[in-house]
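Heads up, the thing below is written out as structure tokens.
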Amino acid sequence: MTDFKDINYLKSGTERQQKAFEVLNENLILQKLSDFDATLIGTIPINIDIASSDLDIACYWNDKNHFIEIVNKNFSEEKDFQIYEREINGSVSVIATFFVNDFEIEIFGQNLPVSEQFGYRHMLIEAAILNKYGEDFRRKIIELKESGVKTEPAFAQLLELKGDPYQALLNFKII
């Protein structure tokens, strides 16, 4: 299984993964967020991204105001920068979005270790499913995403999972 905490796997990945690696490294994005266990998550790491996919970075903060201060200090001058708070899954979440080169970047921070955040957990489960079901399954996920279906609902649809697709995916057992 890929160590998603170390983005070096992107260097030998798809063309888009290699570009993501370059953007993250050249702009020191993960380094600027290193105090917050910054981890690239989402569709690009597991090769189910589409043209509109962004670079999702999950972060863990103990002090929300300090996190906001660091994000503002490092990224507020980037194109279309926005930062806001929302409650997601019962947790206060700080979300910042902006553009660097050809990538939209979304920084997602919660007072919850990255390994416990839904986005990270979904990605690990999705990676295991893709590994088990293979290339045809991956292509079907991408087709659904290109037709407008979000990632977790696409997996739920192909796996015929019932109920809330986000929760159903967390409960999915890979045998």
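On a predicted model such as this, the values are computed, not experimentally measured, just so you know.
- Ring centroid separation for the pair Phe4 and Tyr9 comes in under the 6.0 Å cut-off.
- Remark: the backbone N or O of Ile50 is paired with a side-chain donor or acceptor of Ser53 at under 3.5 angstrom.
- Between the OG atom in Ser147 and the CD1 atom in Ile142 there is a gap of 12.0 Å [rounded to 0.5 Å].
- In this structure a side-chain-to-backbone donor-acceptor pair under 3.5 Å is present from Trp61 to Gly109.
- At a threshold of 4.5 Å between non-hydrogen side-chain atoms, the residues Asp63 and Phe67 do not count as touching.
- Among Thr151, Ile48, Ile41, Leu40, the one residue that satisfies the side chain to side chain contact (heavy atoms under 4.5 Å, CB included) test with Met123 is Ile41.
- Of all non-hydrogen atoms in Lys32 and Ile70, the two that sit nearest each other are O-CG2, 3.6 Å.
- At a threshold of 4.0 Å, the pair Lys19-Glu22 does not count as salt-bridged, since none of the basic side-chain nitrogens sits closer than that to a carboxylate oxygen.
- Residues Leu28 and Leu33 do not share a hydrophobic cluster, defined by chaining ILVMFWY side chains whose heavy atoms lie under 4.5 Å apart.
- Both Tyr84 and Ile88 belong to a common hydrophobic cluster when Ile, Leu, Val, Met, Phe, Trp and Tyr are linked at side-chain heavy-atom distances under 4.5 angstrom.
- A cation-pi geometry, defined here as NZ or CZ lying under 6.0 Å from the six-membered ring centre and within 45° of its normal, holds between Lys5 and Tyr120.
- The salt bridge (charged side-chain N to carboxylate O under 4.0 Å, His left out) analysis of residues 39-56, with sequence neighbours excluded, yields the pairs Arg16-Asp49.
- Gln18 contributes a side-chain N or O that, together with a main-chain N or O of Gly13, makes up a donor-acceptor pair within less than 3.5 Å.
- Between atom NZ of residue Lys79 and atom CD of residue Glu104 there is a gap of 10.0 Å, rounded to the nearest 0.5 Å.
- In this structure, Asn131 contributes its side chain and Ala127 its backbone to no donor-acceptor pair below 3.5 Å.
- Thr97 places no side-chain N or O within 3.5 Å of a backbone atom of Ile95 that could act as its donor or acceptor partner.
- Between the Gln17 side chain and the Pro45 main chain, a donor and an acceptor come within less than 3.5 Å of each other.
- When all heavy atoms are compared, the tightest approach of Arg121 to Glu116 is CD-O, 3.5 Å.
- Remark: Asp136 engages Arg139 in a side-chain contact (heavy atoms from CB on, under 4.5 Å) (not counting sequence neighbours).
- No chain of hydrophobic side-chain contacts below 4.5 Å, direct or via other Ile, Leu, Val, Met, Phe, Trp or Tyr residues, connects Phe108 to Ile29.
- Linking ILVMFWY side-chain heavy atoms closer than 4.5 Å, directly or via other members, places Val94 and Ile107 in a single hydrophobic cluster.
- For the pair Val149 and Ala154, the tightest heavy-atom approach, listed with the atom from each and the gap, is CG1-N, 3.5 Å.
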Kindly indicate, with the supporting measurements, whether the criterion side-chain contact (heavy atoms from CB on, under 4.5 Å) is fulfilled by Ile129 and Leu169. CA-CA 10 Å; Ile129 291 168; Leu169 202 55; 3.8 Å; yes
Can Tyr133 and Leu159 be said to form a side-chain contact (heavy atoms from CB on, under 4.5 Å), step by step? CA-CA 10 Å; Tyr133 291 99; Leu159 296 169; 3.9 Å; yes
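- Of the listed residues (Leu24, Leu55, Val23), just one forms a side chain to side chain contact (heavy atoms under 4.5 Å, CB included) with Val100, and that residue is Val23.
- Rounded to the nearest 0.5 angstrom, Leu10 CG and Asn47 CG are separated by 10.5 Å.
- Taking each heavy atom of Ala58 and Val114 in turn, the nearest pair found is O-CG2, 3.7 Å.
- Leu112 and Leu124 fall into different hydrophobic clusters, defined by Ile, Leu, Val, Met, Phe, Trp and Tyr side-chain heavy atoms under 4.5 Å apart, directly or through other members.
- Under a 3.5 Å cut-off, the side chain of Asp6 and the backbone N or O of Asn8 do form a donor-acceptor pair.
- Distance alone, capped at 3.5 Å, is enough to place a donor-acceptor pair between the Gln117 side chain and the Cys59 backbone.
- Here the NE2 atom belonging to His122 is positioned 7.0 Å from the CD atom belonging to Gln167, to the nearest 0.5 angstrom.
- Rounding to the nearest 0.5 Å places CG of Asn27 at 6.0 Å from CG of Asn101.
- Checked against the 6.0 Å centroid criterion, the rings of Tyr166 and Phe118 do not qualify as a close aromatic pair.
- At least one side-chain heavy atom of Glu85 sits under 4.5 Å from a side-chain heavy atom of Ile68.
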Walk me through it: do Glu126 and Ile141 pass the test side-chain contact (heavy atoms from CB on, under 4.5 Å)? CA-CA 10 Å; Glu126 291 159 3; Ile141 291 290; over 6 Å; no
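- In this structure, His66 and Phe36 have tilted ring planes: the angle between them lies in the 30° to 60° band.
- Residue Glu135 places its CD atom among more than 12 non-hydrogen atoms of other residues, nucleotides or ligands, all under 6.0 Å distant.
- Aromatic pair Phe75/Phe81: centroids not less than 6.0 angstrom apart.
- Atom CG of Asn74 and atom CZ of Phe98 lie 9.0 Å apart (nearest 0.5 Å).
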